[in-house]
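Data block below; observations after.
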Amino acid sequence: MKITALVENTTNQGWRTVHGLSLYIETPGHKILFDVGPDDTLFANAERAGVDLAAVDTAIISHGHSDHGGALAAFLEVNRRAKVYIQRRAFDMHYIKILGIIKFSGSLDQSLEHHPQVVLLDGDHRIDQELLLFTTPDISRYPSPANSAMYDKDGPDTFAHEHSLMIFGEKNVLIMGCGHAGVVNILDRAAEYGPKLCVGGYHLYNPTTLQSAPETLLSGIAGELDRREMAFYTCHCTGQKVFSYLEKHVRKMRYLACGESIEV
């Protein structure tokens, strides 16, 4: 299995960057695009990486925020074969509170909800023997303070529109988007599947306030991660300050920047 970051906030190799995420994953059975980022950054970096987006057979949008699904319409213009798996509630409107005022924060293109390639989900879904999508209803442990500013049409966001991906192979791999449900909660939910590697963001940095999660929270999260017999690559919404802390307190913690790959 090979996992390549095509869209991410940072790069060590001069790649084009933007606030968002897209991972290209090749497995024995699939060519997967996990999230598409917010704009055409995906296409520029895919060309540089030699990735043929038209050959992707499975696309997954992790949740309903535009930094993960903003380029979906453009992707569907170049790929006419992939099924795109999205939680139905990801097409709801999403909002953010800034200085006490709730504002529209950017959502998925609602005109795509009934696109013939889109598969709408209501909870967990087994794609095949290799791929499983699951939601995380219990988000109570170690919640990120950055989540408190996020709302949907019904009030504070419960992130029912977010799902994570399990890839089953010689080593089972867990892929997250922003991890709004909380990395610890997602790991608890995925424990029955025995992941040995976790890749994704932890949403512990708030870009609107430029604030990172407090050390008291990070200490608890680090302890939970470090006790697990698995490796971690984080990225995107974790934030550099948080990563620096986790890197010191979690034995197998690394960062995945744009243009970098992981071989499993």
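Positions are given from 1, in the same order as the sequence printed here.
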Is [Y] reachable from [X] through a run of hydrophobic residues whose side-chain heavy atoms are each under 4.5 Å from the next?
X: Val56; Y: Val78; answer: yes
X: Phe43; Y: Leu76; answer: yes
X: Tyr255; Y: Val7; answer: no
X: Tyr205; Y: Ile221; answer: no
X: Tyr24; Y: Met166; answer: no

Option passing salt bridge (charged side-chain N to carboxylate O under 4.0 Å, His left out) with Arg89 (candidates Asp122, Asp157, Asp154):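 Answer after filtering Asp122, Asp157, Asp154: Asp154.
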Show the nearest heavy-atom pair for residues [X] and [Y], with the distance to one decimal.
X: Pro195; Y: Ala190; answer: CD-O, 3.3 Å
X: Ser22; Y: Leu33; answer: OG-CD1, 3.4 Å
X: Tyr95; Y: Lys153; answer: CE1-N, 4.3 Å

Is the shortest side-chain heavy-atom distance between [X] and [Y] below 4.5 Å?
X: Leu187; Y: Leu225; value: yes
X: Pro156; Y: Met150; value: no
X: Phe243; Y: Met253; value: yes
X: Tyr142; Y: Asn185; value: no
X: Ser66; Y: Pro38; value: no
X: Asn147; Y: His203; value: yes
X: Leu53; Y: Leu42; value: yes
X: Val18; Y: Asp39; value: yes

Drop me the distance from [X]'s [atom1] to [Y]'s [atom2], to the nearest 0.5 angstrom.
X: Phe232; Y: Leu174; atom1: CZ; atom2: CG; result: 9.0 Å
X: Asn45; Y: Trp15; atom1: CG; atom2: CH2; result: 5.5 Å
X: Asp92; Y: Asp152; atom1: CG; atom2: CG; result: 6.5 Å
X: Asn9; Y: Asp67; atom1: CG; atom2: CG; result: 8.5 Å
X: Arg88; Y: Leu120; atom1: CZ; atom2: CG; result: 5.0 Å
X: Thr135; Y: Ile186; atom1: OG1; atom2: CD1; result: 10.5 Å

Taking [Y]'s backbone N and O only, do any of them form a donor-acceptor pair with [X]'s side chain (distance below 3.5 Å, no angle check)?
X: Gln110; Y: Phe91; result: yes
X: Gln87; Y: His63; result: no
X: Arg228; Y: Glu224; result: yes
X: Thr238; Y: Gly201; result: no
X: Arg81; Y: Ala55; result: yes
X: Glu8; Y: Thr10; result: yes
X: Asn172; Y: Tyr193; result: yes
X: Gln117; Y: Asn79; result: yes
X: Glu26; Y: Lys31; result: no
X: Ser212; Y: Lys241; result: no

Pairing residues for His249 by the ring pair (Phe, Tyr, Trp, His ring centres under 6.0 Å) criterion, not counting sequence neighbours: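 Counting only residues at least two positions away or on another chain, His249 forms a ring pair (Phe, Tyr, Trp, His ring centres under 6.0 Å) with Tyr245.
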Of all residues at least two apart in sequence or in a different chain, which pass the ring pair (Phe, Tyr, Trp, His ring centres under 6.0 Å) check with His94?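 Scan of His94 (ring pair (Phe, Tyr, Trp, His ring centres under 6.0 Å), adjacent residues dropped) gives His65, His161.
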Counting only heavy atoms from other residues, nucleotides and ligands, does the tally under 6.0 Å from [atom1] of [X] exceed 12?
X: Gln240; atom1: CD; answer: yes
X: Glu215; atom1: CD; answer: no
X: Glu170; atom1: CD; answer: no

Tell me, please, which residues at least two apart from Ser107 pass side chain to side chain donor-acceptor pair (under 3.5 Å).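 Per chain and number, Ser107 pairs via side chain to side chain donor-acceptor pair (under 3.5 Å) with no residue.
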Only counting residues at least two apart or in another chain, list the ones meeting side chain to side chain donor-acceptor pair (under 3.5 Å) with Arg251.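 If we apply the side chain to side chain donor-acceptor pair (under 3.5 Å) test to Arg251, skipping adjacent residues, the hits are Asp226.
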Going through the checks in order, is the side chain to side chain contact (heavy atoms under 4.5 Å, CB included) test met by Leu217 and Leu204? CA-CA 10 Å; Leu217 177 65; Leu204 294 170; 4.2 Å; yes
Will you find, in the side chains of [X] and [Y], an N or O donor that is under 3.5 Å from an N or O acceptor?
X: Thr136; Y: Arg189; result: no
X: Asp35; Y: Ser62; result: yes
X: Tyr151; Y: Lys97; result: yes

Test side chain to side chain donor-acceptor pair (under 3.5 Å) on Asp124 and His163; report intermediate values, then the result. CA-CA 8 Å; Asp124 299 359; His163 54 198; over 6 Å; no
Intermediate values then yes/no, side chain to side chain contact (heavy atoms under 4.5 Å, CB included), His68 and Cys178: CA-CA 9 Å; His68 293 254; Cys178 270; 3.0 Å; yes
Chi angles and distances behind the side chain to side chain contact (heavy atoms under 4.5 Å, CB included) call for His115, Ile86: CA-CA 12 Å; His115 190 283; Ile86 308 175; over 6 Å; no
Under the criterion side chain to side chain contact (heavy atoms under 4.5 Å, CB included), I'd like the reasoning laid out for Thr4 against Leu6: C-alpha separation, chi angles, the key distance, then a yes or no. CA-CA 6 Å; Thr4 301; Leu6 294 181; 4.1 Å; yes
Shared-cluster residues of Leu256, by chain and number - hydrophobic side chains joined below 4.5 Å: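 When side chains under 4.5 Å apart are linked, the cluster holding Leu256 also contains Met1, Ile3, Leu21, Leu23, Ile25, Ile32, Phe34, Ile60, Tyr85, Val119, Leu121, Ile127, Leu131, Leu133, Leu165, Ile167, Val173, Ile175, Leu197, Val199, Tyr233, Ile262, Val264.
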Counterpart residues, salt bridge (Lys or Arg N to Asp or Glu O under 4.0 Å), relative to Arg126 (two or more places apart):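 Expected list: none.
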